[in-house]
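To start, the structure under review is shown below, and the notes come after it.
One-based numbering along the sequence shown.
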Amino acid sequence: MDRKWKWVLSSGALLVIFLGRMTTALEVPLDLPQPPTITHQSPKDFIIDPRENILIYCEAKGKPHPSFSWTRNGTHFDVEKDSKVLMKPSSGTLVIDISGEKAEAYEGIYQCTARNEHGTAVSNNIVIRQSRSPLWSKERKEAIMVQVGVSLVLQCRPPAGLPPPIIFWMDNNFQRLPQNTRVSQALNGDLYFSNVLLDDTRNDYICYARFPHTQTIQQKQPITVKVLDNSPSGERRPSFMAPLGRSSTQMALRGGVLELECIAEGLPTPEVSWYKESGDLPSSRMSFHNFQKTLKIADVMEADAGDYRCTAKNSLGSAHHTIKVNVKAAPFWISAPRNLILAPKETGILTCRVSGDPKPQIAWSVNGVPVEDSPKDMSRKVEDDTVILSDVQTGSSAVYQCNASNEFGYLLANAFVNVLAEAPRVLTPPNNVYQVITNNPAFLDCASFGSPIPTITWFKDSQTSILNRDPYVIHNNGTLEINVAQSLNSGKYTCIASNNLGTKENHVYLEVKEPTRILAQPEYMVVQRNRKAVFECKVKHDPTLIPTMNWLKDNGELPDDERFLVDTDSLTINDVTEEDEGTYTCVMNTTLDQDSASAMLTVVEEPDPPTDLELTDQRERSVQLTWIPGDEHNSPTQKFLVQYEDLLHQAGVWHNLTEEEGTKTTAHLDLSPYAYYSFRVLALNHVGYSQPSQPSRQYRTNPAAPDVNPTDVQGVGTEHNNLVISWKELTGLQSNGPGLQYKVNWRQKDVEEDWSSETVANASKYVVSGTPTFVPYEVKVQAVNDYGNGPAPEAVVGYSGEDVPMSAPESVQVLVQNGTLAEVHWEPVLTSMVRGRLQGYKVSYWRERSLHQAEAQQEEQQVLAFSGNRTDGRLPGLKPYSLYTLNIRVVNGKGEGPLSPNHNFETPEGVPGPPSFLRIKNTNMDSLTLEWGPPQDNNGRLTGYTLKYQPVNNSNELGPVEEMTFPANETTITLADLKYSTRYKFYFNAKTIKGSGPTITEEAITIMDEAFIQQPIVDVVKGYTEPHLPISPITQSLRPQFYKVHPIGSAFTNVNSSVVGEEGAVISWEYFGPDKNVYVEYIVENSKEDWTKEFVNGSSGSQTYLIKGLKPGTSYRVRVVVKDHSEATIHSTEELVITLPAMKSNQVDLATQGWFIGLMCAIALLILVLLIICFIKRNKGGKYPVKEKEDAHQDPEIQPMKDDDGTFGEYSDTEDHKPLKGSRTPSNGTVKRDDSDDSLVDYGEGGDGQFNEDGSFIGQYSGKKEKDTHEGNESSEAPSPVNAMNSFV
């Protein structure tokens, strides 16, 4: 359903609820005194089934509970005196047991009275009638004789029943008689024939009457109709059989059903139409029945009165009948009287407003007694349809009856007047929670009761103001309306009911929810049969509401089939079939609202095959084929394919014949003679081809002479003395008749001679022998059969067989263009010597030797083919300064001719090839040696070599270029005055008199000066760091300009090594890979231990790394590798072997020097003396200067000795040059270091500290604290040497 209409309907439903709230009669709580009120009674016209007990309902309420009595036919009905009648306890409902009694005895008009001390209420007059289904009277029916074409009426006339029976016509087999525009049943049950046919003759026209209350069916005697054809009626204009005449009148009651009927006779059968002369027909309430012969209007209203014209029309004319409709009305309510609750001294009005046609008469009663017969009451005034009560008193409660009647019926209403004095009470349950969707109206109930009627006021949350303005509306019954609820309207609401006797309040709550919305609607789908269809339906809803998703198919439940899979937000249909077509709707329901969306599923598949193939317009060479298309299955047919089978020549093989558009169902087919055709048709739509139709009947064509000759006729010789004539044979369908043969004709071209011919059958070639070598022939092939020859064939030129050429090309000349290219020229071979179709010339050539070599070194022969009748060609790719030989031969279709004599030629000099190698040896700090080899291809006489080189810095920038030349007999050179630790790039090439050849390059690095190897060059984290050398301004100004060089090649290049001292080695390389995990690995040669691995920062460019701690006199294998995150090697250099020199025997061992031993002894003696002095001072309790200094300046950095072993703490010598813990710091905050880093540590004899400039020993140390050290000088314990040492610091 469309969303707009859905919300309109929803709003309409809310409006109905609202009107119900506003118009509900005032209810008095049952715990308060009140007059009786009739709550349930039987209908006014009560038709009973004589087989069942009679129940006449009369229920009422009141306080106190009312008592009941009945009247029958206007007199008191004493229930207690009739044993068959029982009144239910606390009720006025009568139960009448009619077993053994006749129901007619209890027919009559019944009225119930309910009374208590506050008044009397009465029911409607209830008419009790027994249903009746009388038998059909016996009658003898004669056969009805009628002429063909005349009209006929078969009367039913059922017996009068209560209620009236339902009429229908059937035959002896209880089958309904077929009805149509010609034969139909009228409203009164008669069967009308507009004209009879011979087929209407039968003896079992039976009218049946079904009585609904008793569920019995009565059957009339069968009617026999015989239709005669001896005096048939002719065609005639229409005339009306019912109603008769040109006009009629009909009355309808307001609110009822109006049925207008027009039945016409005529030949041909007339058609009936309707229109209203004074206005339009009410399309929403009207319908046509009985083949347009009956117009039915439901819920008749005054506007339906007027003239209705029915028109009967056939090909001969028309007839008209006008029905004047008058609309009357039984009394109906405009405003029924409502109960009044009045406080003493108040005034009230009872109104009884009715309408009808004719105008109803109104009569008032009080407590069941006409008002004019009741006691006088000065507070009561009756004015037509109004009763005015003023200044009422306690005890004046009563029930008033209003009776409005006319000739078509009556209305009776009870309304009580209850005089009460009652404080307010709220009838709506407390703490009700109302939920509503955003933008919809909200109604908060505050049903109350009190006398006088309470005044209702509303408050929201903690507000003190009364809600009586937009968007709030307070209705008379106390309901608070919020026309368009929003989320801000949510909260707590309080209603207060008050009158002069008190107040009462009640609390309710409003929750405004977000609407349910379908965000992604299902979409229209076209799916092939056996495929899958998926409908999406994504929904947004209020999170506090529980949604329920339902899927419907054509507004009904989904089929109970496992192929239908319902997911959270989708519906999947697997293996779709035609039965799955339809409209699928997803409906999302919550407790407050819903949303839905629909989409259609269309299932398509290949069309059904065409049917009913027919051959028409049959001729010798053509036929017309027609067919009926099959079901397209929702995909329009694009075209039809017509196929044929030739049962005579190729049974079982179907061929495509023609195609027709999908809108056509006929094809004109051109046929061949001498064939037995069957045809079939296939339909094609978007999905594919249908299955073939059933074959048509066989269609044979007569034989005839051939229409075509063989195709692809050729004349080609296979030997030097024959001619093979070949062709493509005709198919059986092309033969056009039996006895197919081929007439082969040939003659030599341009020679005066007659055609030779030969006739062959079942062949596709013919060989002519004894022909000259390679001469042209004219050939033609004609098809013949038993019915004649085919059309005259066209001649085709062919050639007899070829033979190998007899002579070679002559006058061969070579023109050398340069060292790599030469042109060859020759005289062509005569055509007569070629002896076939010239294909071209082949030139064979090869290099005998280089001109600077004495001995021949013949290379592989090369062959170039030149197609066509060429006389020259180019020989590329020659080598300079060489001797070449060539020969030439002619080629035809048979083979190659003899070789021409060999011809020699020389190529001039060219530039040389690259030098065979360039090696770098003996790399020192400022020199290196280059070795090279001559080019493999000199291409001439070498005149020398050229060397260029330039430095390259760490940023791959190039410095100035130096150039040197060398004679051709040089193979080595030593370059001096190079910069230490610098990478150089070398460019080297050879020269001839023609110029320089290709350049080869190499790179090398001069080794570092040992004087600058003071600490590791590569920091483990930071990578390569150049030594920090002082650079003078002059040096800086003379620094050469560099240029960027883009590295190319493998990941590692220029890997070199050099030994530094006796325990170190420098490895240098260039790395250009993307991975940064670069390691230097080394191992003692011939060792089986694992490689030692040291990490290097893997930045691109040149890298240098110093390996320290190697053993003197040992050989190591070293390599640089790159690893991935899993420690797998992905790049590696070749292994280098480095041999460290053995330790020199004349190296001075510091520990054996006398001056060193003396110095150490003096220091030890001095320390001992100081310890003794400290010991003496401490024992005497005095203080020595150092102690005083220590006490005055306690150093917080002094660390205690480790508790476990009493050793000193770790020594730290970081790059930040932080002062040692426990040492004194100069006033400038720095620790001054010696210009030389030479220390005892470097020689392996130092401790964890070093001597400072002032000769004091600095390091990290501490003394072990005793438990009682806090006692200071009072301790009797002897001081330790460590504590004494602390005093020097």
Does [X], at its [atom1] atom, have more than 12 non-hydrogen atoms belonging to other residues, nucleotides or ligands within less than 6.0 Å?
X    : atom1 : value
Q624 : CD    : yes
Q694 : CD    : no
R132 : CZ    : yes
Q250 : CD    : yes
N180 : CG    : yes
D560 : CG    : no
E523 : CD    : no
Q361 : CD    : no

Is the closest side-chain donor-acceptor distance between [X] and [Y] under 3.5 Å?
X    : Y    : result
T602 : Y524 : yes
H321 : S247 : no
T322 : H320 : no
N173 : D171 : no

Look at the side chain of [X] and the backbone N and O of [Y], then say whether any donor-acceptor pair between them is shorter than 3.5 Å.
X    : Y    : value
S693 : V681 : yes
S133 : F211 : no
N406 : A329 : yes
E107 : Q130 : yes
K220 : Q155 : yes
R285 : D299 : yes
S635 : H686 : yes
S123 : C112 : yes
R236 : G149 : yes
T93  : C58  : yes

If I take atom [atom1] from residue [X] and atom [atom2] from residue [Y], how far apart are they, to the nearest 0.5 angstrom?
X    : Y    : atom1 : atom2 : result
K324 : N326 : NZ    : CG    : 6.0 Å
S184 : L177 : OG    : CG    : 12.5 Å
L552 : E557 : CG    : CD    : 8.5 Å
L260 : C310 : CG    : SG    : 8.5 Å
N53  : Y106 : CG    : OH    : 10.5 Å
Q175 : I206 : CD    : CD1   : 12.0 Å

Among V196, T201, L154, the one residue meeting side-chain contact (heavy atoms from CB on, under 4.5 Å) with V225: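 That would be L154; it is the only one of V196, T201, L154 passing the side-chain contact (heavy atoms from CB on, under 4.5 Å) with V225.
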Before giving the answer on side chain to side chain contact (heavy atoms under 4.5 Å, CB included), spell out for D45 and R129 the whole-Å C-alpha distance, their side-chain angles and the decisive distance to 0.1 Å. CA-CA 8 Å; D45 194 2; R129 293 186 296 171; 2.8 Å; yes
Would a 4.5 Å heavy-atom cut-off, applied to side chains only, mark [X] and [Y] as touching?
X    : Y    : value
I628 : T665 : no
Y275 : L295 : no
Y192 : L152 : no
Y208 : P158 : no
I38  : E59  : no
V127 : F46  : no
V300 : V327 : yes
I126 : I56  : yes

If I compare all heavy atoms of [X] with all of [Y], which pair ends up nearest, and what's the gap?
X    : Y    : result
P607 : A683 : CG-O, 3.5 Å
F564 : L558 : CD2-CD2, 4.3 Å
Q218 : L135 : OE1-CD2, 3.2 Å
A186 : E261 : CA-OE2, 3.0 Å
G234 : L267 : O-CD2, 3.7 Å
G189 : C156 : O-CB, 3.5 Å

Derivation of the side chain to side chain contact (heavy atoms under 4.5 Å, CB included) call for Q147 and S233: CA-CA 7 Å; Q147 293 292 333; S233 175; 5.6 Å; no
Working note: T583 + N555, criterion side chain to side chain contact (heavy atoms under 4.5 Å, CB included); need CA distance, chi angles, decisive distance, verdict. CA-CA 8 Å; T583 300; N555 295 323; over 6 Å; no
SB check [X] [Y] (cutoff 4.0 Å):
X    : Y    : result
D307 : K276 : no
D200 : R182 : yes
R254 : D357 : no
E271 : K313 : no
K553 : D580 : no

For a side chain to side chain contact (heavy atoms under 4.5 Å, CB included) check, start with the C-alpha distance between I263 and F291, then their side-chain angles and the critical distance, and finish with the verdict. CA-CA 10 Å; I263 301 177; F291 310 100; over 6 Å; no
Applying ring pair (Phe, Tyr, Trp, His ring centres under 6.0 Å) to F640 and W627, what does each step give before you reach the verdict? CA-CA 10 Å; F640 291 99; W627 61 87; 5.3 Å; yes
Classify the ring geometry between F193 and Y205 as parallel (under 30°), tilted (30 to 60°) or perpendicular (over 60°).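 Ring orientation of F193 relative to Y205: perpendicular.
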A cation-pi test, strictly: NZ or CZ of R176 under 6.0 Å from the centre of the six-membered ring of F168 and no more than 45 degrees from its axis. Yes or no?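 That pair qualifies as a cation-pi contact.
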Qualifying residues under side-chain contact (heavy atoms from CB on, under 4.5 Å), relative to N124, sequence neighbours excluded: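 Expected list: Q41, K44, Y410, L412.
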With side chain to side chain donor-acceptor pair (under 3.5 Å) as the test, would you mind laying out the steps for E606 and H633 before giving the verdict? CA-CA 7 Å; E606 300 89 349; H633 296 293; over 6 Å; no
